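Before any comments, here is the structure.
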Number of protein chains: 2
Amino acid sequence: MDVARHYSENIKRMKSSEIRELLAVSQKPGVISFGGGLPNPQAFPVHHIRTILEDVMEEEPHLAFQYGTTKGRQHLRQAIADMVAKEGIRATAEDILITVGSQQALDLIGRVFINPGDTVFLGLPTYLGGINVFRAYGANMVGVPVDDDGMDVDLLEEKIVAAEEQGKPGKLIYSVPTFQNPAGVEMSPERRRRIVELAEEHNLVLLEDDPYGKLRFEGETLKPLKAHAEHVVYMATFSKVLAPGFRLAYVIAPDAVLKKMELAKQTVDLCTPMLTQSVALRFISEGHMEQHIPFIIDMYRRKRSIMLEALEEYFPPGCTWTCPRGGMFLWATLPDSIDTRDMFPAALEEKVAYVHGRAFYVNGGGQHSMRLNFSFPSDEDITEGIERLGRTIKKQL
Amino acid sequence: MDVARHYSENIKRMKSSEIRELLAVSQKPGVISFGGGLPNPQAFPVHHIRTILEDVMEEEPHLAFQYGTTKGRQHLRQAIADMVAKEGIRATAEDILITVGSQQALDLIGRVFINPGDTVFLGLPTYLGGINVFRAYGANMVGVPVDDDGMDVDLLEEKIVAAEEQGKPGKLIYSVPTFQNPAGVEMSPERRRRIVELAEEHNLVLLEDDPYGKLRFEGETLKPLKAHAEHVVYMATFSKVLAPGFRLAYVIAPDAVLKKMELAKQTVDLCTPMLTQSVALRFISEGHMEQHIPFIIDMYRRKRSIMLEALEEYFPPGCTWTCPRGGMFLWATLPDSIDTRDMFPAALEEKVAYVHGRAFYVNGGGQHSMRLNFSFPSDEDITEGIERLGRTIKKQL
């Protein structure tokens, strides 16, 4: 049977991730990988979850085992509303949708808004999973440079206006303002205010993806975009503060948008798994979340600092890198003579891995850069791995 | 901000389920509902799962908490391969994809194969969640009548040929051959063989949705379509034999199709939650599944029989119904003078609820029919509810 002739236009647009193949290669024994984007297993609150699971099985197994509503468990949505209130976001349980990870939230946004050819503005470099969703829906992705203060909003405005003048006004701005993957930078307060205004002025959906906002190591807390304006579609996740294997995230959006996302989710998976919703609810409401996040922050801050020290020591002159005040990643840029994709086999020879910068661009940028993850490797491996990487780079010069 | 002008063609095709609203209404205290499609909470193996969760937390918490592969945990896929071998399906772990419920499997199929306007053949009445997915992708749904022996394959062939002659050959056949939702009927062995041949002869994707096949009360076991031919795309779920709240299902498909579904799933949610995968794996491999299914079967067989007896006693002459040999539903058809949608408020007055037949059609059929669920209500409520429903019907005549 010739099944290939039946493939949809949707699936033809998707391509297998080169990064996944690189990451598979870097699983080899002895290789220190800065390539993945995994939380550290030592950051998983195993002890608390074990107790919570016992309680769930004692007190509400039938709730945890049965179908739930598409929107998600009401008590969990209420607990999230209370939690984000401390970050300046005003929301009720009704404004919240529980999703199977942030990736599902992104996909639902794509499904609700994007027709093939629609223009989406996004800071570059940006989250690969976001790029993949917008590509799958056939979006025309317009990149805007990201610097140490986040997305350049003046350039964003130029591109928005240019698109309008071409008679193809944009639909959506995808923003990861706080400790973004891959660069680890955060958007300045001024730019935060401005991007929210721009979206309003030009009638664009502003999507704020905030997986790392709770993992701040230092510096003044900056309000999420959603705290600036109600029209922002906000998404955050339990993956970095509880457990990614639970696949739990949430969207906070204006009523009309949330209703459409809920409608789309009905055909996508009916509802988010209930057992893990029960666990997350208790983890928040019993106060564990508030106690646990500082523990993760201490661990990741230390690892970040170890990586920065190692970079100073082992990377040759001409290399630069970001100094993240939170999150799980930093972004290093090498001299122009080095293409990080071409260098990858040499790095593997030295038994160290990373993700090359091109993966986070949609327009061929990032050739000389790389994403380095510091949350997953052990402290010792960070130092040793950066030394190996420094050696690899020096050999290329 | 005028967000509505940004909605995609995708979301415009989706409509809020009238059924959900009816089901919400039937949550009123005192109403006996045959409307939902829920497994009975007493069929949840709470005791075993509690022990399994303790073991998981003791032995592999970091696996259950961390990201997994998109395809699903290898050991679980192997356990499923071993399990379905007993049903005559030859598959290796490599042929299997774990999904967030069957609904996600359906959605991935839609994403991989359906462009707007593509023709999908489906037996009517059929599963509402299937209809919703195909509608969301803009499929042209061509209905084929289902009788006590399942989909009428001769009529199916006529419609396939007609579509080809109109220069719009179909793409996919959606089939729920065993104890289908809503009618509870099963496809005869002859038709099973023929539908598999038809798909092959006309180069159509044959999708077999099998949520209820393991819940056989009586009669000879019939091989799934997938056991007849490797080209069949097969899907089944843990929702009816373990816990729907876990949202765990699986697809067994030819390599090329499975790879495309996996690719689509990468952008949809990265991976299926891991904690519940760990639980399902142990539930199978420790032998609980084999012991537990007969327990569910005994319960549902009894409830089915109680409902059949009550129908005999309380429904007026001129009513007919299917006699399911398995599953969770039966299908009752009333005299032509009664429209089951119009009758619904009168039934609610009598404090009983069902789903009217139109919901399971795409062409206006089913006006005089209703789906009755017997898995969820208590034994006493089944008798009492059917008596109420009989009274409602008699008042309409």
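Values in this document were obtained by computation on a predicted structure and should not be read as measured data.
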When only pairs under 4.5 Å are counted, which of [options] shares the most heavy-atom pairs with chain B?
options                           : value
L204(A), T70(A), L38(A), T99(A)   : L38(A)
P39(A), A136(A), A4(A), G37(A)    : P39(A)
V112(A), V133(A), V100(A)         : V112(A)
R247(A), R135(A), M274(A)         : R247(A)
K171(A), Q104(A), Q66(A)          : Q66(A)
A105(A), G68(A), C271(A), G101(A) : C271(A)

Practice prompt. Over 60° means perpendicular and under 30° means parallel, so classify the ring planes of Y250(B) and Y234(B), tilted if in between.
Written response: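 The arrangement is tilted - the two ring planes meet at 30° to 60°.
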Discussion item. Can you tell me how the ring of F283(B) sits relative to the ring of H288(B), calling it parallel under 30°, perpendicular over 60° and tilted otherwise?
Written reply: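 If you compare the ring of F283(B) with that of H288(B), the planes turn out tilted.
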Examine whether an atom of [X] lies under 4.5 Å from a heavy atom of chain B, and if so say whether it belongs to the side chain, the backbone or both; otherwise answer neither.
X       : answer
L275(A) : both
T272(A) : backbone
F376(A) : side chain
I49(A)  : both
K259(A) : neither
E262(A) : neither

For [X], is it the side chain, the backbone, both or neither that has a heavy atom under 4.5 Å from a heavy atom of chain A?
X       : answer
L263(B) : both
E58(B)  : both
K12(B)  : neither
H6(B)   : both
A64(B)  : backbone

With a cut-off of 6.0 Å (strictly less than), are more than 12 heavy atoms of other residues, nucleotides or ligands near [atom1] of [X]?
X       : atom1 : value
Q42(B)  : CD    : no
H47(B)  : NE2   : no
E230(B) : CD    : no

Discussion item. Assess whether a salt bridge exists between D107(B) and R111(A), defined as any Lys/Arg side-chain N lying under 4.0 Å from an Asp/Glu carboxylate O.
Written reply: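 Here D107(B) pairs with R111(A) in a salt bridge, since their nearest N and O are under 4.0 Å apart.
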Discussion item. What I'd like to find out is whether the side chain of F113(A) reaches to under 4.5 Å of the side chain of Y137(A), using heavy atoms alone.
Written reply: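 No - every pair of side-chain heavy atoms lies 4.5 Å or more apart.
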Discussion item. Let's test your reading of the structure: which of H231(B), E200(B), R5(B) forms the most heavy-atom pairs below 4.5 Å with chain A?
Written reply: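 Highest number of pairs under 4.5 Å: R5(B).
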